[in-house]
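In what follows, chains carry the letters A, B, and so on, assigned in the order in which the sequence lines appear, proteins first and then strands, with residues in each chain numbered from 1. This one's a predicted model, so the numbers in the text were calculated from it and none came from an experiment.
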There are 2 protein chains.
Amino acid sequence: MIQLDATFAALADPTRRAILARLTEGPASIAELTKPFDVSQQAISKHVAVLDRAGLVRKRREGRISRCELDAAPLESAADWIAHYKSFWAAKLDRLETYLNTQAENQDGEAS
Amino acid sequence: MIQLDATFAALADPTRRAILARLTEGPASIAELTKPFDVSQQAISKHVAVLDRAGLVRKRREGRISRCELDAAPLESAADWIAHYKSFWAAKLDRLETYLNTQAENQDGEAS
DNA sequence: GAAATCCACAACCATATGGTTGTGATGATT
DNA sequence: AATCATCACAACCATATGGTTGTGGATTTC
């Protein structure tokens with residue numbers, strides 16, 4: 001799905017993840033979002049545009065400032081997708097356990 | 001975190017997600033992974049290399065073939081990161097509900 | 001009205017990405 | 001020994017990405 005592409009791609013950048021983290025504390029302007037970083041306002045503006053296109057941020061012009069607000073909804077599909085694989089990192093531990101048990105049984109008076 | 005960067009970046013490509021989906025059915029060679037797609041073997045080899053670098057696939061040379069196996073472990077950190085935002089898409093619904101309730105109260109005996 | 005603030009458009013640059021083709025190494029098959 | 005199958009390295013191409021600077025349009029603010 002194209003939506004997942006955009007979501008994961010948006011999350012792949014640490015600056016963008018930091019922007020999202022900041023927005024969990026409430027809406028912010030581009031200028032406010034720029035402050036913590038050592039990059040230009042334009043760079044942050046581009047990052048926010050990426051997040052906006054991915055649907056993770058809603059940007060609204062209020063007079064001279066751009067009010068950026070978090071919208072975590074697209075993360076739900078991403079989480080759903082990842083959740084499908086949950087059993088596989090659990091299963092890995094299961095297999096390890098089974099293997100160890102097998103080893104224990106095999107060594108119970110018998111060599112393999 | 002660099003690990004998250006690699007994980008999310010790896011997941012941002014639909015071909016790579018399809019490869020991971022295929023690997024949930026068990027290990028596969030590069031040739032097997034290539035079959036379903038309309039791209040070259042080299043392209044898939046590159047994709048698998050990306051997944052390997054991200055730690056999502058373990059590739060092992062067995063004679064002439066490369067045995068590729070899923071390792072879903074890095075997805076756990078990704079899921080954890082996303083989970084932090086879970087409350088924010090719930091909160092959004094809460095706010096909507098609150099808003100609707102407020103509207104209902106205001107419109108108590110008044111039409112809109 | 002003038003000045004300052006906030007923002008995004010455009011052009012540019014370096015590098016990364018996803019794909020191709022060509023090719024050669026290495027392992028299996030006959 | 002010869003051939004086939006499997007894979008990855010290299011070079012290349014087009015496009016995307018993340019950053020910069022320059023600039024100009026709006027909107028406050030003085």
If I take atom [atom1] in residue [X] and atom [atom2] in nucleotide [N], what distance separates them, rounded to the nearest angstrom?
X: B:Ile65; N: C:dG27; atom1: CD1; atom2: P; value: 13 Å
X: A:Ile2; N: D:dA16; atom1: CD1; atom2: P; value: 13 Å
X: A:Leu51; N: D:dT17; atom1: CG; atom2: P; value: 13 Å
X: A:Arg64; N: D:dG25; atom1: CZ; atom2: P; value: 17 Å
X: B:Arg60; N: D:dC7; atom1: CZ; atom2: C1'; value: 16 Å
X: B:Lys35; N: D:dT6; atom1: NZ; atom2: C1'; value: 12 Å
X: A:Leu11; N: D:dG18; atom1: CG; atom2: P; value: 12 Å
X: A:Lys46; N: D:dA16; atom1: NZ; atom2: P; value: 13 Å

Side chain of A:Ala31, heavy atoms from C-beta onward: which of C:dC6, D:dA8, C:dG19 has the nearest atom to it? C:dC6
Can you identify which nucleotide, out of C:dT20, D:dT20, C:dC7, has its nearest atom closest to the B:Val39 side chain? C:dT20
Quick one: does A:Gln42 reach the base of D:dG18 with a side-chain donor-acceptor pair under 3.5 Å? no
Taking B:Ile65 as the starting point, is it possible to reach B:Val48 by hopping between hydrophobic residues whose side chains are less than 4.5 Å apart? no
Using a cut-off of less than 4.0 Å, is there contact between a side-chain N or O of B:Ser45 and OP1 or OP2 of D:dA8? yes
With a 4.0 Å cutoff (strictly under), does any side-chain N or O of A:Ser66 reach OP1 or OP2 of C:dA8? yes
Candidates A:Asp52, A:Thr15, A:Val57 - the one meeting side chain to side chain contact (heavy atoms under 4.5 Å, CB included) with A:His47: A:Thr15
What distance do A:Ile19 atom CD1 and A:Leu56 atom CG have between them, rounded to the nearest 0.5 Å? 11.5 Å
On DNA chain D, does the nearest nucleotide to A:Gln41 precede the nearest nucleotide to A:Asp13 from the 5' side, or the other way round? Give the residue. A:Asp13
Whichever of A:Arg61 and A:Arg53 has its nearest DNA chain D nucleotide further upstream toward 5': A:Arg53
With sugar-phosphate meaning primed atoms plus P, OP1 and OP2, does A:Arg16 contact a base, only sugar-phosphate, or nothing at under 4.0 Å between heavy atoms? sugar-phosphate
Categorize A:Ser40 for me: base, sugar-phosphate, or nothing, with a 4.0 angstrom heavy-atom threshold over every strand shown. base
Short question: side chain of A:Arg17, backbone of A:Leu11 - any donor-acceptor pair under 3.5 Å? yes
Of A:Lys59, A:Arg22, A:Arg58, which meets salt bridge (charged side-chain N to carboxylate O under 4.0 Å, His left out) against A:Glu69? A:Arg58
